[in-house]
Amino acid sequence: MSKNTTLNDANPVRHILNAILGAAEGKKLKEKDLAQRAGLRPETLSRMKSRGTADFTLIARLARAVGMKLAAVPDDDQLERIQQGNFFS
């Protein structure tokens, strides 16, 4: 996913979960297996998806299970323009 999650997103938890699920899909990992790798019951992952809410530690465990990590980064428009190659535009 190219768009960064910000506090202005309608549901940042759902956005992050979708990114993790997309990474799992790219690794040919079924949701059941993803949940098990993260030490969760598949039902827990299902509830997280349907409710769009989750405990931060559970999201972090899911991310680690697919080789991702969560990070808080400055919300800096200049940094974003540099990363997109649009700094002088």
Heavy-atom pair of closest approach, residues Val13 and Ala54: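 So the two residues come closest at CG1-N, 3.9 Å.
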Considering all heavy atoms, the nearest Met68-Ala19 contact: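 Closest heavy-atom pair between Met68 and Ala19: SD-O, 4.2 Å.
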If a pair satisfies salt bridge (charged side-chain N to carboxylate O under 4.0 Å, His left out) and one of its residues is in residues 41-64, list it, with sequence neighbours excluded.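 Residue pairs passing salt bridge (charged side-chain N to carboxylate O under 4.0 Å, His left out), neighbours aside: Glu31-Lys49, Arg41-Glu43.
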Heavy-atom side-chain proximity of [X] to [Y] below 4.5 angstrom:
| X | Y | value |
| --- | --- | --- |
| Ile20 | Leu34 | yes |
| Leu29 | Arg37 | yes |
| Ile16 | Leu62 | no |

Report the distance from atom CE of Met48 to atom CG of Leu58, rounding to the nearest 0.5 Å.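 Reported value, rounded in 0.5 Å steps: 5.5 Å.
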Find the distance between CG (Leu45) and OG (Ser50) and round it off to the nearest 0.5 Å.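 It comes to 9.5 Å.
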Counting only heavy atoms from other residues, nucleotides and ligands, does the tally under 6.0 Å from CZ of Arg14 exceed 12?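 Yes, enclosed.
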